[in-house]
Each structure stands twice: as structure tokens, then as C-alpha cells.
A.B. asks: 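One structure is given below, represented as C-alpha cells, and several questions about it will come after.
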Amino acid sequence: MFKMIVFDMDWTLTLSRGDMQPTMISLFKELLTKYKVWVISWWDFCQFETQILKFIWNNEDLLKNLYICPTCSTKMYIFKDKSWQKLYWIDFTNDEKLHIISVLENAINKLWLKPEKTYWELIEDRWTQISYAAIWQQAPHEVKSIYDPDFKKRLKIRDYIKDDLKWFEVLVAWRSTIDITREWVDKAYWVQKLMDVTWINKNEIIFVWDAVFPWWNDYPPLDKLWITTKKVFELNDTEEFIRELIK
Ligand SMILES: [Mg+2]
């Protein structure tokens, strides 16, 4: 009954920042022969290349069914004429970026929430999304996982900045990050876009993910569009689900 399978990337198809593993690669390729597949993540496009695309880059028959949506789906790439091309891309204006960054920096300083040890620059401009990574995106998992396991620090920041950023989406993501996009440019917006592009009906889409909370960047498609979802607890669950789909 489903025609489009939407996957979150980290902890659903791969470990965080990890390569797609051989079993998942072969299942994923087979899935692409039968379904349209959309992969979303808060990472930028280059990270998709590292984790997934390098394993299937040369197969154009498969790639025509794959839609890549980096930075919480504020960008969409499709494979056409032998290369990955941007289908949509909604940049912030310079003024918007400066405003968001100054509001964020102010909140982090005022709330005394700057971690004692950081590894790199905390606020990253991804053109369509500003990402705050409390420690650093590439910091070791063990360090990131103990920074804010109950989300309290980031929800405090979110509460503090929400009035100054009321025309934006402020969403908390895994481990240690906060993502800011335009108010209406969230994953629900892109599911709608995707339906327009592919002519696939809402009831023919299923969203596979590892974690969803009301403040989470994966939540809007569920909240606004009532997309069917499948929760996975580990990569094995995703593999099992793909096996069901392709048999
Ligand atoms: Mg995930």
C-alpha cells in the first residue's frame, strides 16, 4: 500500500555519522528497485555522501527513486543527468541569519549554558538552517550523549529565544543540537512538497524514524499531516521492516 518510504538517517539507517553497513546497503538498494525513498536528516548534503551515497553512487536506475533532503528538509536533491541537483533550496537572508545567531549567542551566554569543554565552533550557518551544536557536531558520542540527555538545557534555550524568533521554527535534535529554520519550512512542509513532485498521496507514505518528541525536528509531519509512522529502536528493526516491504 505504500509507495514512498521516508527515512530519518542517523540511528535509523546508519549509526550517527556512521557508514551504512553491508546488510543495510543491500536491503536499501533492493528497496529502491520497488519504492520511492526519501532520506532526511539535519546534516548537510556532504554527510549524506559520506554515510550513504558513496555506496550507491554509480547506479542511476536506483538513484532516480531516491530523494535526499538535508538540513531538516530545507533543501531537496534529486539525481538527474548523472549528478545530484538541487530541486529546492530556501536560504535565509543575511539579516535573518545575523538575527538568529545573535539571539542564540545571547541566550547561551545569559543562561550560562556554554559547555566547559567544546571541540569546535558551536553555531553553524547552513544557509537554510542555523544549527547550534552545544559541544560540536563531530565530538565523540560519549561526550555528546552526557551533555543534555534529558533535553533540559536545550529546552531552556528554546524557551528563552522563542519570543525573539517567533517567525522561525526552533527544534531540538539528537544529543546536543538545536536547529532553526523558517517558520513554515519544516519537515511537514517538505513532505507536502514531495507529494507535489512525486504525485504520491499522503496515505501512500510511511515515515520511519528512531525518535520523535513534540519539540523534535521530526515531529511536524506527524503533527501537521498525520503521516503514517514506523518507530524503530535499532538498525535491526529498520532492516526487518525493509525485508517486509520488499518480500
Ligand atoms: Mg535519528
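We count residues from 1, following the sequence as given. Note that the structure is predicted; figures quoted are calculated from it, not measured. Order of listing sets the numbers, starting from 1, for every ligand and every atom in it. Computation of the quantities below employed the complete heavy-atom set of this structure, encompassing side-chain atoms and omitting hydrogens, waters and symmetry-equivalent molecules.
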A.B. asks: Are the charged groups of Asp237 and Lys231 less than 4.0 angstrom apart, N to O?
C.D. replies: no
A.B. asks: Give me the one residue out of Glu60, Gln85, Lys64 that meets side chain to side chain contact (heavy atoms under 4.5 Å, CB included) with Phe79.
C.D. replies: Glu60
A.B. asks: Using only N, O or S atoms, tell me which atom of Asp210 is closest to the Mg ion (ligand 1).
C.D. replies: OD1
A.B. asks: By atom name, which N, O or S atom belonging to Asp10 lies closest to the Mg ion (ligand 1)?
C.D. replies: O
A.B. asks: Quick one: closest heavy-atom pair of Phe48 and Pro70, and the distance?
C.D. replies: CE1-CA, 3.6 Å
A.B. asks: Nearest N/O/S atom of Asp8 with respect to the Mg ion (ligand 1), by atom name, please.
C.D. replies: OD2
A.B. asks: Do you know which two heavy atoms are closest between Phe207 and Asp8, and how far apart they sit?
C.D. replies: CE2-N, 4.3 Å
